[in-house]
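Counting from 1, the numbers follow the sequence of the chain as shown. These numbers were taken from a predicted model, which means no experiment stands behind them.
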Amino acid sequence: MRAKETVFMKILAFTGAGISKQSNIPTFMERPDVREKLFRTFAEHHHEAYNEVIRELKANMNGAEPNDAHFALAEYKVPVITMNIDGLHKKAGSDALELHGGLPEDDEMDKAWALHNKPVLYGDPAPNYAKAYERTAELKPGDVFLVIGCSYHTAIACDLRDVAKHAGAKVIEIQEDAAHNVRKVLEELTRKN
């Protein structure tokens, strides 16, 4: 008689602005005045106005701390793909794949308009998109693609959900109260495993 093999599911998290909302970072949907300036053409033609927007974003994010959703993903060692530029996953201890880069360092703020991947702007290539597609395509039936705080307003958000479904993974959406619900879902998933 063969011993029963234990098969462990893989969990991959995909996060958007909704996970950081409870860390007091407004979403871009709530700040269209900021979002409309995050285009490469705007940065190239309005250096000072663009730099000011980046300074405002950085000031808002500098005081932010990870919430329990960020910490739960790190504690459960769930790989993370994020659309966020706030750095909260890394601050919580996750090695997150940042699709849209991060923010400039303090000594780069005067030339923020000329930087690439700090953050990735509309109109810029997004070098980590290919890695995100690859990681998501590696999911198998029985695995879980955990979508946390992601709208359907970007092509990558829709595409990665479709790639996960096509791979046979179960897609679980947490769109509300991520700071409380992520840990609950992770506890339930690992209990079943």
Student: Compare every heavy atom of Ala157 with every heavy atom of Phe14, then report the nearest pair and how far apart it is.
Tutor: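 Heavy atoms only, the tightest pair is CE2-CA, 3.6 Å.
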Student: Quick one: OG1 on Thr136 to CG on Asp159, what's the gap to the nearest 0.5 Å?
Tutor: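 One finds 10.0 Å between OG1 of Thr136 and CG of Asp159.
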Student: Start with the C-alpha gap between Lys10 and Leu139, add the side-chain angles, then the distance that decides, and say whether side-chain contact (heavy atoms from CB on, under 4.5 Å) holds.
Tutor: CA-CA 7 Å; Lys10 177 179 180 179; Leu139 293 170; 4.1 Å; yes
Student: Going by heavy atoms in the side chains, are Lys170 and Met9 under 4.5 Å from each other?
Tutor: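 Counting from C-beta outward, Lys170 and Met9 never come under 4.5 Å.
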Student: What are the two closest non-hydrogen atoms of Ile85 and Pro119, and how far apart are they?
Tutor: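 Reported closest heavy-atom pair: CG2-CB, 3.8 Å.
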Student: Are the ring centres of Phe42 and His46 closer than 6.0 Å?
Tutor: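 Yes, ring centres under 6.0 Å apart.
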Student: How many angstroms lie between atom CG of Asp110 and atom CZ of Arg55, to the nearest 0.5 angstrom?
Tutor: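 The CZ atom of Arg55 is 5.0 Å from CG of Asp110, to the nearest 0.5 Å.
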Student: Is there a side-chain contact (heavy atoms from CB on, under 4.5 Å) between Asn67 and His180 once you walk through the steps?
Tutor: CA-CA 9 Å; Asn67 62 54; His180 296 100; over 6 Å; no
Student: Using the rule that two of Ile, Leu, Val, Met, Phe, Trp, Tyr join whenever any of their side-chain heavy atoms come within less than 4.5 Å, decide whether Met109 and Val120 are in one cluster.
Tutor: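 Not linked; separate clusters.
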Student: Please list every donor-acceptor pair under 3.5 Å in which a side-chain atom of residues 25-35 meets a protein atom from a residue at least two apart or in another chain.
Tutor:
unit_1, atom_1, unit_2, atom_2, d
Thr27, OG1, Met29, N, 3.4
Thr27, OG1, Glu30, N, 3.2
Glu30, OE1, Lys21, NZ, 3.3
Glu30, OE1, Thr27, N, 3.0
Glu30, OE2, Lys21, NZ, 2.0
Arg31, NE, Asp33, OD1, 3.1
Arg31, NH1, Glu56, OE2, 3.1
Arg31, NH2, Asp33, OD2, 2.8
Arg31, NH2, Glu56, OE2, 2.7
Arg35, NE, Tyr122, OH, 3.2
Arg35, NH2, Tyr122, OH, 3.1

Student: Can you check side-chain contact (heavy atoms from CB on, under 4.5 Å) on Asp143 and Leu12, steps first, answer last?
Tutor: CA-CA 8 Å; Asp143 289 342; Leu12 177 62; over 6 Å; no
Student: State yes or no: do Leu97 and Ile19 share one hydrophobic cluster built from I, L, V, M, F, W and Y residues joined by side-chain heavy-atom distances below 4.5 Å, directly or via other members?
Tutor: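 No, it is not one cluster - the side chains of Leu97 and Ile19 are not joined through contacts under 4.5 Å.
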Student: Which value, rounded to the nearest 0.5 Å, describes the distance between Phe145 atom CZ and Leu160 atom CG?
Tutor: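 That separation rounds to 5.0 Å.
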Student: If you measure from CD on Glu173 to CZ on Arg161, what distance do you get to the nearest 0.5 Å?
Tutor: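 CZ of Arg161 is found 4.0 Å from CD of Glu173.
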Student: Any side-chain heavy-atom pair from Leu186 and Leu73 closer than 4.5 angstrom?
Tutor: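 A side-chain contact under 4.5 Å exists here.
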Student: For residues Asp177 and Gln22, is any side-chain donor paired with an opposing acceptor at under 3.5 Å?
Tutor: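 Yes.
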Student: For a 4.5 angstrom cut-off between non-hydrogen side-chain atoms, does Tyr50 reach Leu121?
Tutor: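 Yes - at least one pair of side-chain heavy atoms lies under 4.5 Å apart.
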Student: Heavy atoms, side chains only, cut-off 4.5 Å: are Leu99 and Ile81 in contact?
Tutor: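 Yes - at least one pair of side-chain heavy atoms lies under 4.5 Å apart.
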Student: Do Asp86 and Lys91 sit within salt-bridge range, that is, some charged N less than 4.0 Å from a carboxylate O?
Tutor: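 Looking at Lys91 together with Asp86, the answer is no, because their closest N to O distance does not fall below 4.0 Å.
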Student: First locate atom OG1 of Thr82, then atom NE2 of His100, and finally report the distance between them rounded to the nearest 0.5 Å.
Tutor: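 NE2 of His100 is found 9.0 Å from OG1 of Thr82.
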Student: Once you round to the nearest 0.5 Å, how far does NZ of Lys111 lie from CD of Glu108?
Tutor: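 Result: 5.5 Å between the selected atoms.
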Student: Just so I know, are the side chains of Glu48 and Trp113 near enough to count as touching, which here means a heavy-atom distance under 4.5 Å?
Tutor: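 No - every pair of side-chain heavy atoms lies 4.5 Å or more apart.
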Student: Search all heavy atoms of Pro127 against all heavy atoms of Asn117 and return the closest pair with its distance.
Tutor: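 Smallest interatomic distance, heavy atoms only, reads CD-OD1, 3.5 Å.
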Student: Before giving the answer on side-chain contact (heavy atoms from CB on, under 4.5 Å), spell out for Arg191 and Glu187 the whole-Å C-alpha distance, their side-chain angles and the decisive distance to 0.1 Å.
Tutor: CA-CA 6 Å; Arg191 235 188 342 262; Glu187 286 172 355; 4.2 Å; yes
Student: Quick one: do Val147 and Val182 end up in the same hydrophobic cluster if we chain Ile, Leu, Val, Met, Phe, Trp and Tyr together by side-chain heavy atoms under 4.5 Å apart?
Tutor: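 No; tracing contacts between hydrophobic side chains, which count when under 4.5 Å, never links both residues.
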Student: Does any part of the side chain of Thr190, heavy atoms only, come nearer than 4.5 Å to the side chain of Tyr76, both counted from C-beta?
Tutor: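 Heavy-atom side-chain distance check passes, below 4.5 Å.
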Student: I need the minimum non-hydrogen distance between Glu65 and Leu88, along with the two atoms involved.
Tutor: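 Where Glu65 meets Leu88 most closely, the heavy atoms are C-CD2, 3.8 Å.
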Student: Can you see which heavy atom on Cys150 is nearest to which on Gly16, and at what distance?
Tutor: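 Shortest heavy-atom contact: SG-N, 3.2 Å.
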Student: Would you call Lys77 and Asp95 a salt bridge, using N to O less than 4.0 angstrom?
Tutor: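 No.
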Student: Please check if Leu115 and Phe39 belong to a single hydrophobic cluster, counting links between Ile, Leu, Val, Met, Phe, Trp and Tyr side chain heavy atoms closer than 4.5 Å.
Tutor: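 Leu115 does not cluster with Phe39.
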Student: Going by heavy atoms in the side chains, are Arg183 and Glu75 under 4.5 Å from each other?
Tutor: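 Contact flag for Arg183/Glu75 side chains = yes.
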Student: Return yes when atom NE2 of His166 has more than 12 non-hydrogen atoms of other residues, nucleotides or ligands closer than 6.0 Å, and no otherwise.
Tutor: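 Result for NE2/His166: open.
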Student: When hydrophobic residues are tied together by side-chain contacts of less than 4.5 Å, even through go-betweens, does Val80 share a cluster with Tyr133?
Tutor: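 As far as the 4.5 Å side-chain criterion goes, Tyr133 and Val80 are not connected within one cluster.
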Student: So which of Met83, His70, His89 actually passes side-chain contact (heavy atoms from CB on, under 4.5 Å) with Thr15?
Tutor: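 It is His89; the other options fail the test.
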Student: For Gly87 versus Glu98, what's the shortest heavy-atom pair and its separation?
Tutor: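 Nearest pair, atom of Gly87 first, then Glu98: CA-OE2, 4.0 Å.
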Student: Does the side chain of Ile54 reach to within under 4.5 Å of the side chain of Lys118, using non-hydrogen atoms?
Tutor: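 A side-chain contact under 4.5 Å is absent here.
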Student: I'd like to know if the side chain of Asn181 and the backbone of Glu176 have a donor-acceptor N/O pair within less than 3.5 Å.
Tutor: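 It does hold such a pair.
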